[in-house]
Structure formats: C-alpha cells, structure tokens
Amino acid sequence: MRSTAPPPPRPADGRAHPSRRQVLSYALAGLGAAAAASACAPQAPSGPRDFTFWSFTGIGQKDDVARYMEANPGVTIKLTEVGSSQETAQALTTAIAGGEVPDLALVQAADLPKFALSPDNFVDYRTLGGDDVGSPYLDWVIAQATTRGGQVIGIPTDVGGLAVAYRKDLFEAAGLPTSREEVSALWPDWPSFIETGRRYTEATGSPFVDNAATSVFFQALGQVSEQFYDADGEYAYTNPQVRQAFDWSLDALEAGISARVDSFGSAWNAGIARGAFAVTCSPSWMLGTIKSQAPDLEGQWDLATIPNGIGNWGGSYLAIPAAAERKQAAWEYVRDVQSPASQLQHFLDAGSLPTTPENYSRPELATATDPYFSDAPTGAIFTKAVLDITPFPVGRYTAEIGTELQNAIKAVELSAADPAQAWAKGVRNVEIVVGDL
C-alpha cells in the first residue's frame with residue numbers, strides 16, 4: 001500500500017537490544033500513553049445514539065462532530081483530541097490492552113498496519129454495512145484497511161493527491177516556462193525534475209526545491225510497485241526501487257538544488273513567503289498552509305503535475321474498537337460523515353480530497369479551481385494523481401522503515417553527513433528497528 005505517513009521523524013519503538021537509556025525512554029513513553037489514555041478514558045454516554053470519539057489534533061474532526069450533532073438533535077458525541085496522530089495511536093493501543101476504549105477512533109494511515117495485525121481488536125465493518133461496505137472508496141485506499149482475512153477495520157476519511165507547487169515569477173526569472181502545462185512537461189520523471197532544478201539554480205544561484213528528503217525521496221518512494229515488504233510479508237526494504245528513490249534524493253543534493261530546509265519547520269514556513277525555494281511537492285491539504293504563510297503571493301504560485309504522474313501523501317481512517325459499547329451509534333456517524341455526499345462537502349468546505357471516486361466526475365470537484373494558485377484546476381490535478389495508484393504490501397514497520405531511510409538522507413542534507421555512507425547507515429538503522437541486527 002502506498003505509504004501515507006508524513007515525514008517527520010518518529011521514535012523507533014521496536015529496536016532490538018535497547019540500552020538502559022532507551023529502555024527508560026520507552027518506559028516514559030509508555031507512561032505518557034497510559035496517562036493520555038487515562039485522561040481521555042471514555043465515560044458512558046447517556047443516550048442510545050451518543051458515543052465517545054478519539055481524534056488527533058489539527059484534522060478538523062470538531063467541525064464534522066458539530067455538524068452531525070446539529071443535524072441530529074439530541075445526539076451527544078464526546079470528542080477528545082488526544083494529541084498527535086502517533087500519540088493517539090499509542091493511547092488507543094494502551095486503551096485496547098486495558099479494555100477502556102472509545103466507541104470510535106481516528107487512525108492515521110501510517111499507523112493502521114500495526115492495528116491490522118490484530119483485527120479482532122476492531123469491528124469488521126462488513127458486519128455493520130454489508131460485504132460491499134468498501135465499494136464507495138478508492139480500491140487502493142480501502143485495501144489498506146482490509147486484513148489478510150478480508151476484515152474491513154477502517155473507513156477512509158480523505159486522501160492527499162500530489163502536485164508540485166511552483167513560483168511562476170521565480171521560474172520566469174530563471175528563463176523557464178511558467179504555464180502549468182509546459183512546466184509539467186519539464187519533468188515526466190525524477191531525473192528530469194532534478195535536471196530542471198539544475199537549470200534553475202545555475203540561472204539564478206538560488207535553491208530550486210525545499211529539500212530532497214521529503215520532496216524527492218518520500219514522494220518517489222510512494223510511487224514504487226514494491227516498497228518495504230514483498231507479497232509474502234517478508235522484508236524487502238533494500239529492493240532496487242527503494243534504492244533508486246534514495247539515490248535520486250542524493251542526486252538532488254549533489255546537484256546543489258536543495259534549499260536544505262526541513263518541511264514544516266519555521267525556516268520552511270518563512271521560506272514559502274520569501275522565495276527561499278521555487279518548488280515544493282504539495283498534497284491537496286498543503287495548499288492552505290502555503291496560502292497562510294504567503295497571503296500576498298496570490299497568483300504567483302501555480303500547480304504542476306508530480307513527476308511520474310501519481311502520488312498520495314496523507315489520509316486517515318475511522319475505526320470502531322471491538323470492545324466499544326456504542327458500536328451502532330458510531331457506525332451511524334461513520335456512514336453519514338464519510339458518505340460520498342459528505343466527502344464532497346468536505347472538499348468544498350476545507351479542500352479535503354475525497355476517497356470516493358464517484359465524486360471525481362461531479363462538476364463541483366472536477367471543475368474546481370483555486371484563484372490563489374493562478375486558477376489551477378485543483379480538482380482535476382489532485383484526483384488524477386490518485387486514480388491510477390496501485391497498492392503494494394505494507395507491514396508493521398512500514399512507517400518506521402521509511403523514517404529511518406529518510407533520516408539518513410536528512411543527515412546528509414541537514415548535517416553534512418557523508419553521502420557515500422548514507423544508504424548503508426540508513427539500512428543499518430532499519431535493521432535495528434525491525435530487530436534484524
């Protein structure tokens with residue numbers, strides 16, 4: 001399955017033979033998760049359609065809950081925003097072990113494979129919505145929530161189709177074309193993208209892309225046919241496609257086209273406004289971030305096709321724990337809020353790209369444009385990026401493996417580590433995480 005994990009580093013909780021300091025860190029992390037679970041321990045709802053709901057922060061669930069309660073007078077949803085997506089997943093793990101679970105939980109796509117290893121901890125949505133419960137959703141998205149035994153343990157909320165956001169004024173200053181069709185034609189693949197960056201940097205003396213770890217490696221990694229696991233569930237993280245994505249990121253650094261600015265940090269935010277880089281790979285949900293950081297640049301940004309034409313970054317799922325007391329009430333909410341009609345409204349209200357392909361031909365989405373991005377046809381660009389994605393196997397450590405390899409690139413990019421040793425160091429750290437060393 002396409003990795004949808006966001007790139008910031010996360011702790012490796014599966015390291016073999018940890019040191020005392022590491023053991024202490026893990027113990028403290030476990031106490032933190034237990035405290036979080038205790039702090040948001042579900043309280044029994046009073047009404048027959050009331051239920052408890054755990055979400056992570058910054059994902060807009062408050063709005064969905066408010067709309068649902070307004071449309072269903074008398075229904076009370078106790079929403080708890082636990083923390084980050086990782087903290088929410090850890091709190092849910094702790095709650096499942098202790099038996100005090102919410103009736104509904106939001107799970108980031110990157111964390112779902114771990115939960116899928118123990119599907120009996122969750123309701124199989126087929127028991128509530130029938131065998132075709134996954135049919136409204138993109139095949140590759142619902143596949144990530146479907147276990148080897150066929151249980152559907154999550155209903156998808158959104159996807160993050162990819163494009164390249166670029167500064168037209170900076171391209172013009174570099175003597176490059178500025179129309180989105182011509183710009184898209186510059187980079188049918190990643191080597192062409194890097195070569196375009198070289199042309200830009202040679203002409204301007206300025207960096208082309210924000211960073212290589214996220215805008216090259218992470219995105220190219222999501223386009224492979226085999227990533228970290230093979231079809232039999234065996235590790236495959238050293239396969240040629242992963243190595244190629246890794247090497248492209250090092251090629252970008254060697255070409256000198258990277259601003260070496262880590263995604264979403266303060267320097268990255270400031271760089272959007274001051275032109276510290278000319279392009280960044282942008283999922284649909286990132287458009288709002290760019291607008292908020294550079295409100296005065298409306299009409300200077302535009303959107304082009306991602307190299308290789310496909311890609312996704314982001315997404316989450318709604319899951320009902322098997323021990324939940326109000327399964328039916330939670331299911332009624334999921335069925336309503338994640339219906340094709342509701343997902344289309346989410347796009348119109350907040351730009352969240354639907355996981356329901358029947359919406360992709362609807363004029364509200366198909367003809368949607370964004371004036372900030374030079375009236376780019378956002379609906380068409382982002383839906384095209386996710387339509388032809390095919391799944392590849394994921395496993396327990398998909399997110400952690402990706403993070404360790406990405407960190408090896410960041411060590412070169414941000415800390416001047418030796419690029420010749422980057423791959424070997426990344427693989428060694430992966431082996432520690434998965435217990436192969």
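Counting only heavy atoms from C-beta outward, the side chains of Thr52 and Asp103 approach each other to under 4.5 Å. Side-chain contact check for Ile153 versus Val123: every heavy-atom pair is 4.5 Å or farther apart. At a threshold of 4.5 Å between non-hydrogen side-chain atoms, the residues Val279 and Phe171 count as touching. Between Tyr317 and Gln338 there is no side-chain heavy-atom pair separated by less than 4.5 Å. Side-chain contact between Arg167 and Leu297 is present, with heavy atoms from C-beta onward closer than 4.5 Å.
Classified by interplanar angle (parallel below 30°, tilted 30° to 60°, perpendicular above 60°), the ring pair Trp285/Trp313 is perpendicular. Between Tyr125 and Trp331, the ring-plane angle classifies as tilted under the 30° and 60° cut-offs.
Distance alone, capped at 3.5 Å, is enough to place a donor-acceptor pair between the Thr127 side chain and the Asp124 backbone. The backbone N or O of Tyr166 sits nowhere less than 3.5 Å from a side-chain atom of Asp302 that would complete a donor-acceptor pair. Not one N or O on the side chain of Lys168 forms a donor-acceptor pair closer than 3.5 Å with the backbone of Ser179. Under the 3.5 Å distance criterion, the side-chain polar atoms of Gln406 are left unmatched by any main-chain donor or acceptor of Phe217. In this structure, the side chain of Glu226 does not engage the main chain of Ala236 through any donor-acceptor pair within 3.5 Å. Judged by distance alone, with hydrogens and angles left aside, the side-chain atoms of Ser352 form no donor-acceptor pair with the main-chain N or O of Phe347 at under 3.5 Å. For the pair Asn312 (side chain) and Gly314 (backbone), a donor-acceptor distance under 3.5 Å is present. Put simply, the side chain of Gln227 never gets that close to the backbone of Thr398: no donor and acceptor are under 3.5 Å apart. Judged by distance alone, the side chain of Arg260 and the main-chain N or O of Leu414 form no donor-acceptor pair under 3.5 Å.
Interatomic distance, CD1 of Ile194 versus CH2 of Trp187, reported as 12.0 Å (0.5 Å rounding).
Each of Tyr237, Trp423, Phe218, Trp190 was compared with Phe246 under the ring-ring contact (aromatic ring centres under 6.0 Å, His included) criterion, and only Trp423 meets it.
No more than 12 heavy-atom neighbours from other residues, nucleotides or ligands sit within 6.0 angstrom of CD on Glu254. For Glu364, the CD atom sits in a packed shell: over 12 heavy atoms of surrounding residues, nucleotides or ligands are nearer than 6.0 Å. In this structure, Glu70 places its CD atom where only 12 or fewer heavy-atom neighbours from other residues, nucleotides or ligands lie under 6.0 Å away. Counted within 6.0 Å of NZ on Lys327, heavy atoms from surrounding residues, nucleotides or ligands total more than 12; the atom is thus considered enclosed.
No side-chain donor-acceptor contact under 3.5 Å links Gln61 and Ser55. No donor-acceptor contact under 3.5 angstrom links the side chains of Ser266 and Asn269, judged on distance only.
With sequence neighbours left out, Glu195 forms a salt bridge (Lys or Arg N to Asp or Glu O under 4.0 Å) with Arg198. Remark: Asn359 pairs with Pro340, Gln343, Leu344, Pro354, Thr356, Arg362, Leu365 by the side chain to side chain contact (heavy atoms under 4.5 Å, CB included) rule, at least two apart or across chains.
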* **Verdict with supporting geometry, Tyr229 and Tyr235, ring pair (Phe, Tyr, Trp, His ring centres under 6.0 Å)** => CA-CA 5 Å; Tyr229 293 83; Tyr235 292 126; 5.3 Å; yes
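When all heavy atoms of Asp210 and Ser263 are compared, the pair lying nearest together is OD2-OG, 4.2 Å. Residues Val394 and Pro113 share a closest heavy-atom pair of CG2-CG, 3.7 Å.
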